[in-house]
**Q** 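Can you keep this structure in mind? I'll have questions shortly.
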Amino acid sequence: MAEKIKHAGILTGALIGLLLTAPLIALIYLGQQLAGLPFLPFDLFDWLARVTPGALITFTIDRMVDLLTLLNVGDLSEAAKTSEQMMGVATVLLIGTILGGLYAFIMRRTQAGQSQYLIGMGLGFLFGLPLLLISNAVNFNATADPLLSLVWFITLFIGWGGSLAWIYSDISDLPLQRPENDALALNRRQFLVRVGGATATITLVGSSVASLLNQGDDDDTRQQIADAGTSNANANEGDNDPLPNADDPVQPAPGTRPEYTPLEDHYRIDINTTPPTLDGASWQLPVMGLVDNPTTFTLESLQNDFTQVSAYITMGCISNRIAGSLISTIKWTGVPMREILERVQPQAEAGALRIVAADGFDEYVRTDLLMSDDRIMLCYAWDDQPLLEKHGYPLRIHIPDRYGMKQPKWITEMEFVPEWEEGYWVRRGWSAEAQVKATSVIDTIATEQAFQNDAGTWLVPMGGIAWAGDRGISQVQVSVNDGPWLDAELRSPLSERTWVVWRLDWPFEEGRHTFRVRCVEGDGTPQIAENSGTRPDGATGLHGERENLRELPAMSNEA
Ligand SMILES: Nc1nc2c(c(=O)[nH]1)N[C@H]1C(S)=C(S)[C@@H](COP(=O)(O)O)O[C@H]1N2
Ligand SMILES: [Mo]
C-alpha cells in the first residue's frame, strides 16, 4: 500500500504558480525582442478591451485616467498605455497564480502521485492555449514564423506546468520543520525562498536582456526619424520652413503649449498596446463595393499619381477632458479623398464608406459627407515624414470637425456599402457623429513674466488655446473671480482647422483669484458652459484655474 503523501497547501501551490509565471513572462518578453514573437500579456489586454462591454471598459479607462490625474502623471496618453500594459502583465500573473492553486487542489484531492507531471503539463497547456489563440486573433506586430511561435509557446507553457509539478512535489516531500538530526535539510519555507531566488534571477536576467534589445530598437527608430529629412517640429526655431503665422503680432504668453506639437509629443490613443506593423511596400488599399471602378491602390501610387495636399490640423480625442492633454496640432499630408472618389466612381446607392483597419477597428463615413467636403484627406505623412507606426502607418484618414474616433489609422480596406452603420466606438456607446465641441483652456498665468506698461501698471501675461473643430474661434474671454468677461487677443491660427492661441495681459491684483476662460465659435455660437463628461459626445464646460497671487517676483526685484 502506497504511503499517503502530505501534499503542500493550495496557497503554496498558488505561490509557486506566481513565482513561475514571472520568469515565464520575462522569457516571453525575451522571445519578442529576440525573434519578433508575440508578447502574450499585451495581446490578452487588447483582446479583453475588445470583448469587454463598452460601458465597462470606458468606466475602467475613466477610473484609470482619474487615478493618473490624481497621481499627477505627466503625459496622460503615455501613462494610460503604460498602465494598460501593466494590467496585461498583472492578468497573466493572476492566471498563473490561480492555476498553481488549482494544481495543488487537484493533487490534494486525487493523491495523483504517478501522473503529477502529466497534470502539471496539462495545466500549462490549458494556460498557454487560449493565450495563443487570443494572440493569433489580435496580434499584428509579431513578425516571427507562426510555427516557431507555436513551438516556442508550447515549450514555455508545458515547461511552466512541468516545473510547477516538480517544485510542488519536491516541496511536498519536505517536512514543515527541519528534522533535528539533519542540519543540512531544508524545510518548506526555506525551499520556497530558494525557488523564489531562482525564478527572480531568471526573471531579472531575461527581462534585462530583453530591455537592452528593446532600447536598441528605439534608437533605431529615432535614427530613422532623424534620417527622414526635414522636420517641422522645430519650425518655430526659424529653419527653412517657418510656420505661416510666424509674424503675427500676438505672441503666445510664456508657458503656452507649443502651437505646433512636436511629432514625438503628439498624443496617441488606440485600442492596441503596441501598434500594428504594416509593410508599406507590400501594403495595398482595395476600394471596392458599390463602385463602378473598383481599384486597388498602392502607397506609391497614392504618393505619386495624385495631388499632394498638406494642412495644419488639430485633432482631439472625444475622451479628452476639459483642459486635457489628448489634443495636438501637426501638419498632415496626403491625397484629397475627392480624387479617389473620381477614380472609383461610387454608385448612386452607395450610402456610406466602410473603412477597415489592420487592428480590427472600423468606421463608416456617409458618401454625402465624402462628396461635399474637399478637405477630407487620405493621409500618409505627418510633419513632412511618413506616418509613424503608432500614428497609423502607412495610411489614415482626416475628416474635419470630427473627433479622432471617426478617423481610422492603419487603413487596409475601403468598401462602399448601401447604408451607414455604427463604427467601432459608436457600437460601444460613443457619439455617432462625434462632432468636435468647442473648448478653451488656460495654459499659463505667467506671473514670473509680468511686465509694466507705459502707465506703470503691472501686467501678467496669460494664455492658452481655443478650438472648435473647423468652425473657427471669433472671441476668447477671461473672467476673474466671476467679474466681467475681458476680451483676450487672438493669434491668427496655423489654419482654419487648428486651435487658436489666445493671450490676455491682465492688470495684476494681489489675492486669491479664480480665472475662467470661454470662447465663441466663428459664427457667434458661444462655447457650452454647462459641464458634461466626455461620454458620449465629448466634454463641455469651462476651464478654470485658481491661483493665490502674492506680490509679483518682478515687483520685489524693483523694490
Ligand atoms: N485603426 C484605428 N484607428 C484609430 C483608433 C484605433 O484604435 N484604431 N483610435 C482613434 C482614436 S479614438 C483617436 S483619438 C485617434 C488618435 O490618433 P493618434 O493616436 O494618431 O493621435 O485615432 C483614431 N483612429
Ligand atoms: Mo479618441
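Numbers here simply count residues along the sequence, with the first being 1. Only a predicted model underlies this, so the values are computations on that prediction, with no experimental measurement involved.
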**Q** Determine, using ring centers only, whether F42 and F45 are less than 6.0 Å apart.
**A**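 When the ring centroids of F45 and F42 are compared, they turn out to be at least 6.0 Å apart.
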**Q** Going by an N to O cut-off under 4.0 Å, is there a salt bridge joining E433 and R366?
**A**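 Salt bridge flag = yes for R366 with E433.
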**Q** Spell out, as yes or no, whether a donor-acceptor pair under 3.5 Å connects the side chain of N304 to the backbone of E300.
**A**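 Yes: the side chain of N304 pairs with the backbone of E300.
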**Q** Side-chain contact test, heavy atoms from C-beta onward, threshold under 4.5 Å: evaluate it for D537 versus S532 and give yes or no.
**A**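 The answer is no, as the side chains (C-beta and beyond) never meet within the 4.5 Å cut-off.
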**Q** Rounded to the nearest 0.5 Å, what's the gap from CG on D248 to CD on E259? Could you check?
**A**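 Reported to 0.5 Å precision, the distance equals 8.0 Å.
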**Q** Does the side chain of L459 reach to within under 4.5 Å of the side chain of P507, using non-hydrogen atoms?
**A**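 In contact.
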**Q** Between T314 and T329 (side chain of the first, backbone of the second, donor and acceptor by atom type, cut-off under 3.5 Å), is there such a pair?
**A**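 Absent.
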**Q** Taking the six-membered ring for Trp, are H398 and W332 parallel (under 30°), tilted (30 to 60°) or perpendicular (over 60°)?
**A**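 Ring orientation, 0 to 90° scale: tilted.
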**Q** Report yes if the side chains of R427 and D362 come closer than 4.5 Å at any heavy-atom pair, otherwise no.
**A**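 Side chain of R427 against side chain of D362, heavy atoms only: contact under 4.5 Å found.
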**Q** At what distance, to the nearest 0.5 angstrom, does OG of S211 lie from CD of Q33?
**A**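 S211 OG to Q33 CD: 7.5 Å, rounded to 0.5 Å.
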**Q** Answer yes or no: is there a side-chain heavy-atom contact under 4.5 Å between R402 and D470?
**A**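 Side-chain contact under 4.5 Å: no.
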**Q** What I'd like to find out is whether the side chain of V309 reaches to under 4.5 Å of the side chain of V335, using heavy atoms alone.
**A**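 No - every pair of side-chain heavy atoms lies 4.5 Å or more apart.
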**Q** Do R518 and W485 form a cation-pi contact, if we require the NZ or CZ to be under 6.0 Å from the six-membered ring centre and within 45 degrees of the ring's axis?
**A**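 Pair R518/W485 counts as cation-pi.
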**Q** For Y260 and K331, indicate whether the former's side chain and the latter's backbone hold a donor-acceptor pair under 3.5 Å.
**A**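 Yes; judged by distance alone, with no hydrogens or angles, the pair exists.
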**Q** Measure across W382 and I330 and return the closest heavy-atom pair with its distance rounded to 0.1 Å.
**A**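 Closest approach of W382 to I330: CD2-CG2, 3.8 Å.
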**Q** Give a yes or no answer on whether the side chain of H513 reaches the backbone of V480 with a donor-acceptor pair at less than 3.5 Å.
**A**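 No, the answer is negative, given that no donor and acceptor are paired below the 3.5 Å cut-off.
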**Q** Can you tell me if W502 uses its side chain to pair, donor with acceptor, with the backbone of C519 under 3.5 Å?
**A**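 Checked: no pair found.
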**Q** Would you say D46 and N272 are linked by a side-chain donor-acceptor pair, where the criterion is simply a distance under 3.5 Å?
**A**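 Result is no, nothing qualifies.
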**Q** Would you indicate whether the side-chain heavy atoms of T514 and D482 approach each other to under 4.5 Å?
**A**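 Sidechains of T514 and D482: no contact.
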**Q** Does any donor atom in the side chain of T256 or D443 lie under 3.5 Å from an acceptor atom in the other side chain?
**A**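 No donor-acceptor contact under 3.5 Å links the two side chains.
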**Q** Will you find, in the side chains of Q527 and S440, an N or O donor that is under 3.5 Å from an N or O acceptor?
**A**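 Yes, side-chain donor-acceptor contact under 3.5 Å.
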**Q** Run the side chain to side chain contact (heavy atoms under 4.5 Å, CB included) test on T91 and L48 for me, step by step, so that the C-alpha distance in whole Å, both residues' side-chain angles and the decisive distance to 0.1 Å come before the verdict.
**A** CA-CA 10 Å; T91 311; L48 284 174; 4.3 Å; yes
**Q** Less than 4.5 Å apart, any side-chain heavy atom of L504 and any of E489?
**A**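 Contact flag for L504/E489 side chains = no.
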**Q** Any donor and acceptor pair, going by atom type alone, linking the side chain of S208 with main-chain N or O of L204 inside 3.5 Å?
**A**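 Yes: the side chain of S208 pairs with the backbone of L204.
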**Q** R471 side chain to V436 main-chain N or O, any donor-acceptor pair under 3.5 Å?
**A**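 Between the backbone of V436 and the side chain of R471 there is a qualifying donor-acceptor contact (under 3.5 Å).
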**Q** Looking at L549 and F508, what are the two nearest heavy atoms and their distance?
**A**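 Nearest heavy atoms, L549 then F508: CB-CE1, 3.9 Å.
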**Q** May I ask you to decide if N453's main-chain N or O and T457's side chain share a donor-acceptor pair within less than 3.5 Å?
**A**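 Not at all, since once roles are kept as given, no pair shorter than 3.5 Å links the two residues.
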**Q** Specify the closest pair of heavy atoms between Q449 and P254, including all atoms of both residues, with the distance to one decimal.
**A**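 For Q449 and P254, the tightest heavy-atom pair comes out as CG-CG, 3.6 Å.
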**Q** Evaluate the criterion side chain to side chain donor-acceptor pair (under 3.5 Å) for residue pair E339 and T307; output intermediate values, then yes/no.
**A** CA-CA 8 Å; E339 294 191 9; T307 311; 2.4 Å; yes
**Q** How long is the gap from OH on Y380 to CG on L299, to the nearest 0.5 Å?
**A**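 Spacing of OH (Y380) from CG (L299) equals 8.5 Å.
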**Q** Do side-chain atoms of R516 reach the backbone of G544 as a donor and acceptor pair under 3.5 angstrom?
**A**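 Flag not set: sc R516 to bb G544 has no pair under 3.5 Å.
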**Q** Among K437, M315, Q435, exactly one meets side chain to side chain contact (heavy atoms under 4.5 Å, CB included) together with Y403. Which residue is that?
**A**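 Between Y403 and the candidates, side chain to side chain contact (heavy atoms under 4.5 Å, CB included) is satisfied uniquely by K437.
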**Q** Rounded to the nearest 0.5 Å, how far does CE of M377 lie from OG of S310?
**A**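 Rounded to the nearest 0.5 Å, the OG-CE separation comes out at 6.5 Å.
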**Q** Checking the side chain of S479 only, and the main-chain atoms of G483 only, is there a donor and an acceptor separated by less than 3.5 Å?
**A**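 It does hold such a pair.
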**Q** Are the aromatic rings of H391 and W410 close, with centres under 6.0 Å apart?
**A**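 No; W410 has its ring centre 6.0 Å or more from that of H391.
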**Q** For E510, look at atom CD and say whether over 12 heavy atoms of other residues, nucleotides or ligands are found less than 6.0 Å away.
**A**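 Atom CD in E510 is packed in, count exceeds 12.
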**Q** Can you name the closest pair of heavy atoms from L490 and I473 and give their distance?
**A**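 Scanning both residues, the minimum pair turns out to be CD1-O, 3.8 Å.
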**Q** Tell me the closest heavy-atom pair linking P276 and E389, and the distance in Å.
**A**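 Nearest heavy atoms, P276 then E389: O-CG, 3.7 Å.
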**Q** What closest approach, in Å, do P493 and T498 show between heavy atoms, and which atom pair accounts for it?
**A**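 In terms of heavy atoms, the two residues are closest at CB-OG1, 3.5 Å.
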**Q** More than 12 foreign heavy atoms under 6.0 Å from CD of E342: is that the case here?
**A**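 Yes.
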**Q** I'd like to check V287 versus F416 (side-chain heavy atoms, cut-off strictly below 4.5 Å). Are they in contact?
**A**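 In short, these two side chains touch, coming nearer than 4.5 Å.
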**Q** Report yes or no: is the cationic atom of R428 (NZ for Lys, CZ for Arg) under 6.0 Å from the centre of the six-membered ring of Y424, at an angle within 45° of the ring normal?
**A**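 Satisfied, under 6.0 Å and within 45°.
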**Q** What's the spacing between K390 NZ and T277 OG1 if we round to 0.5 Å?
**A**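 These two atoms lie 13.5 Å from each other.
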**Q** How many angstroms lie between atom OG1 of T439 and atom CG of L542, to the nearest 0.5 angstrom?
**A**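 One finds 9.0 Å between OG1 of T439 and CG of L542.
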**Q** In terms of ring plane angle, is the pair W430 and W425 parallel, tilted or perpendicular, where the classes change at 30° and 60°?
**A**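 Perpendicular, since the angle between the ring planes exceeds 60°.
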